[in-house]
Amino acid sequence: MPAIVLVGAQWGDEGKGKATDLLGSRVEYVVRYQGGNNAGHTVVIGDKKFALHLLPSGILTPDVIPVIANGVVIDPAVMLQEIDNLNAQGIDTSKLLISGNAHLITPYHVTLDKVTERFLGRAKIGTTGRGIGPTYADKISRVGIRVQDLFDEKILAQKIEGSLASKNQILVKVYNRRALEVDRIVEYMLQYADRIKPHLADTSLVLNRALDKGQVVLLEGGQGTLLDVDHGTYPFVTSSNPTTGGACTGSGIGPTRISRSVGIIKAYTTRVGSGPFPTELLDEDGEQLRAIGGERGVTTGRPRRCGWYDAPIARYATRVNGLTDLFLTKLDVLSAWDEIPVCVAYDVDGERMTELPDTQTGFHHAVPVYEKLPGWKCDITAARTFADLPKQAQAYVRYLEEISNCRVSAIGVGQDRNATISLHDLID
């Protein structure tokens, strides 16, 4: 059985946790393949709401083996606190597997992240301040600390000493901060070794063997397509590759083993942090979308910027991810409007463009061109089949499907894990 990738098709926060959890009971492994605790998933099960920041959403499904793969950056304190919180709620976390090749976020990464953002002032990128970017920077610079280093104190100390030699110079001479002590950082990191060791595994080997046996592997990305460091709205992006290609490098699964790439996409659009956002609404409609949709970051608590559905972005996500299906979420949020605008193109300095501009300047200048569709003005949260939806809601979905160049295979109509309409099976 080939692997399946779930990827955010906008700027993240599309509801990937709901989709992963929905499919979790039908798969054997759920894998987080990139990002860190700068991404959050909210999963609602009955009257319980679970906010996951680093752990794969599949950890909430009893028979699934959750995996944190090599492409993830791990803050051990955050991860273990999240494990403790789930254990306290009766969730079994003992099956969690962690790649020894995943990189670790250290206190100096967090410090650098925060002071750098403050130093940038108005030019700041809008990071979460959790050390994600500096950790990935160290990974690419080949001076990073990996999970496996926790089990060789000598190597760990050497790596931290080498890394701090330059970082302390920056902290002291550029940011006027106190130098960090190598021994204290080593001691801090080693305290987590014993608790992490039982979860350590060669996750690439485990996952490929599972696929050889015909088991289903679900790969779950954090953030979204437009936050991809290569394919997003650079420089207002994350430091990794949430796109489908990143699922291969971040998990150690070859591209020929992936059969389906499912884009999770809201019935409108949101983003957190700085950067261009053509359909952003700075009016009552934007406030209403935020209020009805509960649009605040799971990890940061920051209010999300809200806007109408953006078809050029959807088409772009379909292209760069090779999407086979769309999982349309939060359709119920739009039930309050008489008319619902949909961005079908951009006006960029007088030129109509149906695809994303190929320059940062062009995207900053993009003005949305809207088509308006009739709303349905009724509660759809009880709908469980497509026929249950009012005709106007059906027409809205079909229109999005047509202009996004990808079929809609599932529709979210409420917060609960069961509030979903299935049009096409995502596992076959």
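Scored by the side chain to side chain contact (heavy atoms under 4.5 Å, CB included) test, V64 finds V27, V30, T61 as partners (sequence neighbours excluded). In this structure E401 satisfies the salt bridge (Lys or Arg N to Asp or Glu O under 4.0 Å) test together with R398, sequence neighbours excluded. In this structure, R209 has no salt bridge (Lys or Arg N to Asp or Glu O under 4.0 Å) partners at least two apart in sequence or on a different chain. The salt bridge (Lys or Arg N to Asp or Glu O under 4.0 Å) search around D338 returns K377, not counting sequence neighbours. Listed by chain and residue number, E295 satisfy the side chain to side chain donor-acceptor pair (under 3.5 Å) test with Y268 (two or more places apart in sequence, or in another chain). Here D379 pairs with T381 under the side chain to side chain donor-acceptor pair (under 3.5 Å) rule; sequence neighbours left out. Applying the salt bridge (Lys or Arg N to Asp or Glu O under 4.0 Å) rule to D285 yields no partners; only residues at least two apart in sequence or on another chain are considered. N208 pairs by the side chain to side chain contact (heavy atoms under 4.5 Å, CB included) definition with S204, I253, R257, not counting sequence neighbours. Scored by the side chain to side chain donor-acceptor pair (under 3.5 Å) test, E287 finds R290 as partners (sequence neighbours excluded). For M189, the side chain to side chain contact (heavy atoms under 4.5 Å, CB included) partners are P76, L104, T106, P107, L150, L156, I160, I185, not counting sequence neighbours. Among residues two or more places apart in sequence or in another chain, the side chain to side chain donor-acceptor pair (under 3.5 Å) test is passed with E82 by none.
Salt-bridge annotation for R130 and D75: absent, with no side-chain N of the basic residue lying under 4.0 Å from a carboxylate O of the acidic one. Comment: D84 engages R195 in a salt bridge, judged by a side-chain N to carboxylate O separation of less than 4.0 angstrom. A salt bridge links R407 and D325; the closest N-O separation between the charged side-chain nitrogens and carboxylate oxygens is under 4.0 Å.
When only modelled atom types and interatomic distance are considered, T135 and D138 share no side-chain donor-acceptor pair under 3.5 Å. Defined by atom type and a distance below 3.5 Å, a donor-acceptor pair is missing between the side-chain atoms of N85 and Q89.
Of the candidates V7, D230, T225, D230 is the only one forming a side-chain contact (heavy atoms from CB on, under 4.5 Å) with N241.
Within the structure, every pair that satisfies the side-chain hydrogen bond (donor to acceptor under 3.5 Å, both in side chains) test and touches residues 91-104, not counting sequence neighbours, is listed here: N87-T93, D92-S94, N101-R146, N101-Q148.
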